[in-house]
Amino acid sequence: MSEVRVRIAPSPSGNLHIGTARTALFNYLFAKKNNGKFVLRIEDTDAERTSQEYVDNIFDSLKALGLNWDEGPDVGGNYGPYTQSQRFDIYPKYVQQLLDSGFAYECFCTPEELEAEKEEATAAKKAYVYSKKCENLSEEEKAKLRAEGRKPAIRFNIAKAQKAFHSSTILEFDDLVKGKLHVDTNLIGDFVIMKSNGAPTYNFAVVIDDALMKISHVIRGEDHISNTYKQILIFEALGFEVPRFGHLGMILAPDRSKLSKRHGATAVSDFVKEGYLTDALINFVALLGWSPSDGQEIKTVDEIAQDFRIGEISSSNSIFEYDKLKWMNSHYIKMLPIEELKERLKPYLTKYDLSSLTDEQYTKMVEITREPLTLLSDITDAVPYFFGKDVEIEPETQTGTLDTDVAQKVLVDFLEKAKAWEWTEENLHEKLAEFRAYWKEKDGIKPKVTMWAVRAAITGRTCGADMVGILEILGKETSLYRAEKAIKLAV
RNA sequence: AGCGGUAUCGUCUAGUGGUUAGGACGGGAGAUUCUCAUUCUCCAAACAGGGGUUCAAUUCCCCUUACCGCCGCCA
């Protein structure tokens with residue numbers, strides 16, 4: 001049995017898309033499960049739409065997701081180069097081979113002629129298939145065309161290959177996830193494998209690259225199904241072993257259209273910027289199609305790999321539900337060790353002077369504010385009151401809470417009593433409880449109302465983290481200063 | 001238009017020729033808490049439609065419908 005080798009072959013015409021990340025994940029899982037190799041190949045054939053920035057983004061995103069490749073542009077391998085643009089000199093040889101064996105021919109048609117053919121087909125309500133008018137050009141005719149300055153493109157001869165390797169025009173293959181798939185080769189036009197400018201087309205280059213890189217299983221999106229038939233024929237015409245194919249359903253936006261920025265983040269790096277954890281992202285995306293045999297959805301990539309069977313992947317499209325991703329992200333945030341969380345949160349706290357807090361205070365702050373975080377970025381708006389002497393009071397908190405008679409009398413009492421309190425967590429906890437009990441007893445004020453007053457004065461809002469923790473971090477001086485100021489302001 | 005694919009709660013899915021069709025997110029109700037949130041408990045929510053095959057079909061077959069994909073000298 002030959003070695004399992006799979007690949008992800010992104011085109012660097014944009015940042016790594018979440019859909020590509022999922023395809024990469026399934027390839028990675030398949031490799032892991034089968035002790036195979038996961039290779040990364042950059043398909044930058046189209047120089048105009050390609051940029052180094054995107055290449056870097058693809059590398060970084062894949063690494064951040066933990067999808068490490070065994071062979072690739074940066075780490076090398078025995079089947080390089082792994083960047084398609086650096087492989088341009090190896091394609092002509094195979095084109096020539098196809099030309100020599102009659103599986104390909106030169107096509108001198110101009111874009112205008114081709115366009116006319118297509119329009120004709122459209123007008124006749126027929127599916128467009130290339131006319132093959134250049135299939136049997138004589139040498140004289142070709143010479144003449146060449147003399148006119150025309151540069152030929154090379155087309156693959158579908159019918160020839162079909163007849164040479166298959167008894168029927170129905171071409172079938174057994175898809176790893178969808179089962180038997182087939183098409184009538186009469187419906188496939190002779191497609192271009194090498195452009196008139198000498199560059200290979202996608203369908204040709206992938207075959208050469210996959211064959212030379214000894215890729216055993218091609219796992220990709222189902223938008224490639226129709227390419228598969230063409231590619232199989234090329235593999236055969238060149239005498240290469242045909243790999244197995246597996247086609248995954250697509251990821252759709254909640255409105256069933258293609259997932260785009262309009263729906264939210266689409267690039268892995270954008271999700272990260274927004275405060276998603278890559279562990280959550282990868283876990284979530286795995287659940288789009290794959291499901292755990294034990295029902296436990298929260299799993300690491302390694303755990304998923306153990307439980308992974310490609311044939312059990314759902315073959316239908318699935319909708320990218322941001323809500324579930326958010327839930328999963330908040331779950332992962334809760335699971336994060338405190339020290340790591342403290343680091344991960346820092347990028348979202350740059351507007352504050354973190355140096356004003358001791359490490360102990362910062363730790364405490366993270367501990368008491370982490371609970372409601374859905375995104376790491378949520379921390380930004382959750383902590384302003386931990387910084388500075390003064391605090392900004394929300395207008396509605398000022399009028400709705402602080403300015404009320406109840407709040408004012410509670411605060412006056414709070415200030416008075418708190419002056420005598422020893423400022424330790426244990427003691428504050430106890431004193432605050434006594435304080436609430438006192439007002440409940442005295443005026444029947446609900447505990448939460450009592451706390452609203454204190455909270456509003458100290459934090460400027462009516463909701464937030466554990467009050468004891470807040471007071472402790474702020475310290476006695478600042479806490480009392482704010483309480484006093486809240487009273488003065490209202491009088 | 002043609003060709004190919006897909007079809008279980010709103011969403012991701014499990015599942016079976018005979019099940020109270022299960023779980024998760026989301027939604028609703030309640031409990032706990034100093035607020036928000038968390039957590040916990042409970043509830044509502046699905047086999048697209050029509051034909052077959054069969055004692056029995058959500059499950060197997062066919063058709064319809066819906067949706068997705070592909071029809072480039074893009075990848």
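The sequence lines fix the lettering, A, B, ..., with proteins before strands; numbering per chain opens at 1.
- Of the candidate nucleotides B/C73, B/C25, B/G5, B/C73 has the atom nearest to the side chain of A/Arg155.
- Taking the ring centre of A/Phe414 as origin, the terminal cationic atom of A/Lys409 falls outside the region bounded by 6.0 Å and 45° from the ring axis.
- Across B/U6, B/A24, B/U35, the shortest atom-to-atom separation from the side chain of A/Lys448 is found for B/U35.
- Within the shown strands, B/C70 is the pairing partner of B/G2 under the Watson-Crick or G-U definition, both distances less than 3.5 Å.
- With C1' as the reference atom, B/U6 and B/U64 are 15 Å apart, rounded to whole Å.
- Judged by Watson-Crick or G-U wobble contacts below 3.5 Å, the nucleotide B/U32 has no partner.
- For A/Tyr202 and A/His224, the ring centers are positioned less than 6.0 Å apart.
- Between B/A75, B/C25, B/C68, one nucleotide has an atom nearer to the side chain of A/Leu252 than all others, and that is B/C68.
- Taking the C1' atoms as reference points, B/U20 lies 15 Å from B/A46, given to the whole Å.
- Annotation: B/C42 and B/G52 have their C1' atoms spaced 43 Å apart (nearest Å).
- Rounded to an integer number of Å, the gap from A/Tyr91 OH to B/C73 C1' is 16 Å.
- Residue contacts shown for A/Lys446 are absent, as no nucleic acid heavy atom lies under 4.0 Å away.
- Straight-line distance from the CZ atom of A/Phe191 to the C1' atom of B/C74: 15 Å, rounded to whole Å.
- Base engagement by A/His224 is indicated by at least one non-hydrogen atom pair under 4.0 Å involving a base atom.
- A distance of 11.0 Å separates CD1 in A/Ile158 from CG in A/Leu187, rounded to the nearest 0.5 Å.
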Please write out each protein N/O paired with an N/O of nucleotides 11-13 of chain B under 3.5 Å, distance rounded to 0.1 Å.
{"from": "B/U11", "atom 1": "OP1", "to": "A/Arg256", "atom 2": "NH2", "distance (Å)": "3.0"}
{"from": "B/U11", "atom 1": "O4'", "to": "A/Glu321", "atom 2": "OE1", "distance (Å)": "3.4"}
{"from": "B/U11", "atom 1": "O2'", "to": "A/Glu321", "atom 2": "OE1", "distance (Å)": "3.2"}
{"from": "B/C12", "atom 1": "OP1", "to": "A/Ile319", "atom 2": "N", "distance (Å)": "3.2"}
{"from": "B/C12", "atom 1": "O2'", "to": "A/Leu287", "atom 2": "O", "distance (Å)": "2.6"}
{"from": "B/U13", "atom 1": "OP1", "to": "A/Gly289", "atom 2": "N", "distance (Å)": "2.8"}

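- Contacts of A/Leu181 with the nucleic acid, taken as non-hydrogen atoms under 4.0 Å apart, involve only primed sugar atoms and P, OP1 or OP2.
- Salt-bridge formation is detected for the pair A/Lys364/A/Glu472: a Lys NZ or Arg NE/NH1/NH2 atom is positioned less than 4.0 Å from an Asp or Glu carboxylate oxygen.
- Annotation for A/Glu392: atom CD does not count as buried by contact number, only 12 or fewer foreign heavy atoms lying within 6.0 Å.
- With distances taken from any side-chain atom of A/Thr201 to the nucleotides B/U35, B/A75, B/G4, the minimum falls on B/A75.
- Remark: B/A7 base-pairs with B/U65; criterion is Watson-Crick or G-U wobble with both hydrogen-bond distances under 3.5 Å.
- Take the nearest nucleotide of RNA chain B for A/Gly469 and for A/Glu312: the residue whose nucleotide is more 5' is A/Glu312.
- Listed nucleotides B/C70, B/U35, B/A75 differ in distance to A/Ser226; the shortest reach to its side chain belongs to B/C70.
- Taking only side-chain nitrogens and oxygens, A/Lys195 comes nearer than 4.0 Å to OP1 or OP2 of B/A75.
- Side-chain contact between A/Ile58 and A/Thr20: absent, with no pair of heavy atoms (C-beta onward) separated by less than 4.5 Å.
- The local environment of CG in A/Asp294 is crowded, with over 12 non-hydrogen atoms from other residues, nucleotides or ligands closer than 6.0 Å.
- Among B/G4, B/C68, B/U35, the nucleotide with an atom closest to any side-chain atom of A/His182 is B/G4.
- The nearest whole Å value for the distance from the CZ atom in A/Arg370 to the P atom in B/U38 is 15 Å.
- Atom CG in A/Asp378 sits about 18 Å away from atom P in B/C36, given to the nearest Å.
- Of the candidates A/Phe204, A/Tyr229, A/Phe156, A/Phe191 forms a ring pair (Phe, Tyr, Trp, His ring centres under 6.0 Å) with just one, namely A/Phe156.
- Rounded to a whole angstrom, the distance from the P atom of B/C60 to that of B/U39 is 38 Å.
- Taking a pair to require two hydrogen-bonding distances under 3.5 Å in either a Watson-Crick or a G-U wobble arrangement, B/U54 remains unpaired.
- Under the Watson-Crick or G-U wobble criterion, with both distances below 3.5 Å, B/A75 has no partner in any strand shown.
- Nearest to the side chain of A/Leu114, among B/A75, B/C73, B/G4, sits B/C73.
- No more than 12 heavy atoms of other residues, nucleotides or ligands sit less than 6.0 Å from atom CD of A/Glu416.
- When rounded to the nearest whole Å, the span between CD1 of A/Ile193 and P of B/C74 equals 14 Å.
- At the heavy-atom level, A/Asn227 lies under 4.0 Å from base atoms of the strands shown.
- No engagement by A/Ala9 is indicated, since no non-hydrogen atom pair under 4.0 Å with the nucleic acid exists.
- Tested against A/Glu106, the residues A/Arg150, A/Arg155, A/Arg146 include a single side-chain hydrogen bond (donor to acceptor under 3.5 Å, both in side chains) partner, A/Arg146.
- A 3.5 Å limit on both hydrogen-bonding distances identifies no Watson-Crick or G-U partner for B/U20.
- Taking the C1' atoms as reference points, B/U58 lies 13 Å from B/A14, given to the whole Å.
- Nucleotides B/A45 and B/A29 place their C1' atoms 15 Å apart, quoted to the nearest Å.
- Rounded to whole Å, the separation between the P atoms of B/C74 and B/C3 comes to 27 Å.
- In the set B/A75, B/U35, B/G72, the nucleotide with an atom closest to the side chain of A/Gln84 is B/A75.
- Closest to the side chain of A/Tyr128, out of B/G72, B/C73, B/U38, is B/G72.
- The side chain of A/Trp452 lies closest to B/U35 when the candidates are B/C70, B/C68, B/U35.
- Between the side chain of A/Lys299 and the backbone N or O of A/Gln296, at least one donor-acceptor pair lies under 3.5 Å.
- Residue A/Lys334 is classed as a sugar-phosphate contact, given heavy-atom separations below 4.0 Å to backbone atoms only.
- Between B/A31 and B/A48, the two C1' atoms lie 40 Å apart (nearest whole Å).
- Separating the OH atom of A/Tyr332 from the C1' atom of B/U38 is a distance of 19 Å, rounded to the nearest angstrom.
- Atom CD in A/Glu394 sits roughly 14 Å away from atom P in B/C36 (whole-Å rounding).
- The separation between A/Leu259 atom CG and B/G69 atom C1' is 16 Å, rounded to whole Å.
- Nearest-nucleotide assignment on RNA chain B puts the 5′-proximal partner with A/Ser315, out of A/Ser315 and A/Thr462.
- Looking at heavy-atom distances under 4.0 Å, A/Ser196 makes contact with a base.
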